[in-house]
Amino acid sequence: MEGALPWLAPTRKLTVEALRKLDQPLLAWAAAGVCVLQQSLPHPFRDVLRYADTDNRPAHRVLFAYAQLLRIKDPAKDAPWFTALVYLNPNDILGARFCAPGGPSDRFPEPV
């Protein structure tokens, strides 16, 4: 069904403007997921959660979603979350190293 979701561009990709309009409910959803994750891990958590273990993938996905939404809303607040993702999974299957401060993204222009 074409155009059923008004925030989807014709290319079926979310635009930055559309995400800015939706950022509050999406950020609340991601924050709730992060809260559940934090409550399920011992404090302070200094181990790794390998993405290769399929049970850990929802944790990585919600953390990455939260960091990406923070990046859209307030880019100054996303750095610790992307850095934490790199430490949680040193293999960095999701590519958080490209968004973490000092990561490879400093050498390349930001994608448009």
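Counting begins at 1 with the first residue of the sequence. The figures that follow rest on heavy atoms only: side chains count, while hydrogens, waters and symmetry mates do not.
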Discussion item. Which heavy atom of F82 sits nearest to which heavy atom of A96, and what is that distance?
Written reply: O-CB, 3.8 Å
Response to the item:
Looking only at heavy atoms, the pair that brings P90 and V48 closest together is CD-CG1, 4.0 Å
Discussion item. Do L41 and L49 make a side-chain contact, defined as non-hydrogen atoms from C-beta onward lying under 4.5 Å apart?
Written reply: yes
Discussion item. V34 vs L63, test: side chain to side chain contact (heavy atoms under 4.5 Å, CB included). Steps then yes/no.
Written reply: CA-CA 6 Å; V34 169; L63 285 170; 3.9 Å; yes
Worksheet entry | OH on Y51 to CZ on R61, rounded to 0.5 Å | 4.0 Å
Item to complete: Could you pull out the closest heavy-atom pair between T83 and P101, with the gap in Å?
Response: OG1-CD, 3.4 Å
Worksheet, complete the sentence: Closest heavy-atom pair, H60 versus L88, reported as atoms and distance to 0.1 Å, is CE1-CB, 4.0 Å
Worksheet item: Counting only heavy atoms not in Y87, do more than 12 fall under 6.0 Å of its OH?
Response: no
Discussion item. Side-chain heavy atoms nearer than 4.5 Å, only ILVMFWY residues, links allowed to pass through others: does that put V62 and L85 together?
Written reply: no
Discussion item. Once rounded to the nearest 0.5 Å, what's the spacing between atom CG of N91 and atom CZ of R50?
Written reply: 5.5 Å
Practice prompt. Identify the two heavy atoms, one from A65 and one from W29, that lie closest to each other, and give their separation to 0.1 Å.
Written response: CB-CZ3, 4.0 Å
Worksheet item: Which atom pair, heavy atoms only, marks the closest approach of L69 to A30?
Response: CD1-CB, 4.1 Å
Worksheet, complete the sentence: Separation between CG (L37) and CZ (F45), nearest 0.5 Å, reads 8.5 Å
